[in-house]
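First the structure, in the form of structure tokens, and then the observations on it.
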Amino acid sequence: AVYMECAAGRFLFDTGASAQFIANARALGVDLAEVDYCLISHGHSDHIGGLQAFLDINSKAKVILSARIPGAEYVSVRRIRHSITSHIDFAKYGARMVFIEENTTIGDIHIFANIACRHPLPLGDKNLLIRDATQQFVPDDFRHELAFEVDGVLFTGCAHSGILNILESVPQPPAVSIGGFHLLDSGADQNFESDGQLEQLAHHLAAGYPQTVFYTGHCTGDRCFRILSATNPRIRQFHCGDVIELNEA
């Protein structure tokens, strides 16, 4: 979960897997009851699992999310097969829920639903499934993933669609990009992006987006981050409790 204040209002990007983000916000002196918009990047439980807790303490915020999320079911088969679905009664909240099907702008929020697919998807996506119309679990196409841009800040969630594909779907390079790259550290059980592939991505980001500062975490492995940041120092990590001043980013 990422909280942002700017002239356009107060925003909460994703809600984490549980209500823990509420205690974290309280420790930082952030009143989540005053949030104007909650922006949900995709339907996986580690990003939307705290939404019910947020709605319990905030009675005014609009929640912007993909129209493909209600009713969808997701599974991860990494290590042990397990559900990553959160069951929320969206209908209960009526007009507070804003369901997105196409690229659109709401106030100062630019919402990108039509993500390009010219570049390869992260290899970690192969572990993630979605239930299809025949009730079978098939590889997720991540059409439920949205990217958001507010006041020059691009929020990418996990970037399951690929950070390069998301950036190519945005009209102007952002000043700041915040979100995971879904680049997992390889281990004894599975191999993901090689060192060479990570270095190539970092070079691409440096050449194509030389003014953008990338803050990544969560689903960007520590080893992957070390390789990326060694190649492109404008790629930085963020952690729970970090505060970023946009005019100093």
Side-chain angles (χ1 to χ4, degrees), residues 2 4 6 11 13-14 39 41-42 47 102-105 108-128 140-143 145-187 190-239 242-249:
V2 175
M4 175 178 170
C6 62
F11 302 86
F13 298 96
D14 285 344
L39 311 180
S41 65
H42 62 295
H47 288 254
E102 303 290 341
N103 291 355
T104 189
T105 297
D108 295 286
I109 308 167
H110 304 284
I111 307 160
F112 304 95
N114 304 323
I115 306 298
C117 55
R118 194 166 70 87
H119 300 277
L121 301 183
L123 295 180
D125 284 357
K126 64 186 177 183
N127 293 311
L128 301 168
D140 198 337
D141 58 13
F142 296 102
R143 288 189 292 167
E145 185 171 61
L146 302 177
F148 302 93
E149 189 273 326
V150 180
D151 199 25
V153 176
L154 177 67
F155 182 71
T156 64
C158 272
H160 287 291
S161 300
I163 186 63
L164 292 177
N165 289 322
I166 292 174
L167 288 165
E168 289 194 1
S169 304
V170 176
Q172 300 293 329
V176 174
S177 174
I178 300 179
F181 289 172
H182 207 254
L183 298 172
L184 308 181
D185 288 339
S186 297
Q190 285 187 311
N191 290 316
F192 299 105
E193 279 77 9
S194 67
D195 292 7
Q197 288 172 310
L198 294 169
E199 291 168 355
Q200 184 179 26
L201 171 61
H203 281 302
H204 196 141
L205 292 174
Y209 305 91
Q211 302 304 315
T212 300
V213 178
F214 296 91
Y215 288 93
T216 188
H218 172 53
C219 58
T220 301
D222 288 339
R223 180 176 174 277
C224 290
F225 171 75
R226 288 194 294 272
I227 295 170
L228 292 166
S229 60
T231 305
N232 180 354
R234 295 182 74 83
I235 300 175
R236 306 170 184 175
Q237 256 182 336
F238 70 88
H239 309 85
D242 283 355
V243 177
I244 302 168
E245 297 289 342
L246 296 181
N247 59 351
E248 299 175 359

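This structure is a prediction, so every number in the text was calculated from the model and none was measured.
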For the residue pair Leu154 and Ile166, establish whether any side-chain heavy-atom pair is separated by less than 4.5 Å.
yes

Nearest-0.5 Å distance that lies between atom OH in Tyr209 and atom CG in Leu167:
4.5 Å

Quick check: do Leu205 and Leu164 have side-chain heavy atoms less than 4.5 Å from each other?
yes

Does either side chain, that of His160 or that of Asp125, offer a donor lying less than 3.5 Å from an acceptor on the other one?
yes

Check: Gln237/Asp242 side-chain N/O donor and acceptor closer than 3.5 Å:
no

Polar side-chain atom of Glu145 near backbone of Ser161 as donor-acceptor pair, under 3.5 Å
yes

Intermediate values then yes/no, side chain to side chain contact (heavy atoms under 4.5 Å, CB included), Ile163 and Leu201
CA-CA 9 Å; Ile163 186 63; Leu201 171 61; 3.9 Å; yes

With the threshold set at 4.0 Å, does a side-chain nitrogen-carboxylate oxygen contact exist between Asp195 and Arg223?
yes

Keeping Asp185 on the side-chain end and Asp222 on the backbone end, is there a donor-acceptor pair under 3.5 Å?
yes

Rounded to the nearest 0.5 Å, how far does CZ of Phe181 lie from CD of Glu193?
12.0 Å

In short, Leu146 meets Ala113 closest at the heavy-atom pair CD2-CB, 3.6 Å

Counting only heavy atoms not in Gln190 (residues, nucleotides, ligands), do more than 12 fall under 6.0 Å from its CD?
yes

Can you check whether Asn232 reaches His203 side chain to side chain, under 4.5 Å on heavy atoms?
no

Could you grab the distance from atom CD1 of Ile111 to atom OG1 of Thr105, nearest 0.5 Å is fine?
7.0 Å

Between atom CD1 of Ile115 and atom CG of Leu121, what is the distance when rounded to the nearest 0.5 Å?
11.5 Å

Nearest atoms (heavy-atom pairs only) where Gly152 meets Pro174:
O-CB, 3.7 Å

Step by step, work out the side chain to side chain contact (heavy atoms under 4.5 Å, CB included) result for Leu39 and Phe155.
CA-CA 9 Å; Leu39 311 180; Phe155 182 71; 5.8 Å; no

Can you tell me if Arg234 uses its side chain to pair, donor with acceptor, with the backbone of Gln211 under 3.5 Å?
yes

Any side-chain heavy atom of Asp151 sitting closer than 4.5 Å to one from Met4?
yes

Beyond-backbone contact of Val153 with Cys6, side-chain heavy atoms, under 4.5 angstrom
no

Distance from Phe112 atom CZ to Thr104 atom OG1, nearest 0.5 Å?
10.5 Å

Any side-chain donor near an acceptor of the partner, His47 and His218, under 3.5 Å
yes

Heavy-atom check, side chain of Phe192 versus side chain of Lys126, under 4.5 Å:
yes

Is the closest side-chain heavy-atom distance between Val176 and Ile244 below 4.5 Å?
no

Using a 4.5 Å cut-off on heavy atoms from C-beta on, say whether the side chain of Thr220 contacts that of Ile235.
no

Counting N and O atoms only, with roles assigned by atom type, does the side chain of Asp14 sit under 3.5 Å from a partner on the main chain of Gly157, one being a donor and the other an acceptor?
no

Distance in Å, Arg236 CZ paired with Ser229 OG, rounded so as to fall on 0.5 Å steps
11.0 Å

Asn114 (side chain) donor-acceptor with Glu102 (main chain) under 3.5 angstrom:
no

Under the side chain to side chain contact (heavy atoms under 4.5 Å, CB included) criterion, do Phe11 and Ile109 qualify, and how do the steps go?
CA-CA 10 Å; Phe11 302 86; Ile109 308 167; 3.6 Å; yes

What closest approach, in Å, do Leu183 and Cys224 show between heavy atoms, and which atom pair accounts for it?
O-SG, 3.6 Å

Nearest heavy-atom neighbours spanning Cys219 and Leu184
O-CD2, 3.7 Å

Looking at Pro122 and Ala159, what are the two nearest heavy atoms and their distance?
CG-O, 3.7 Å

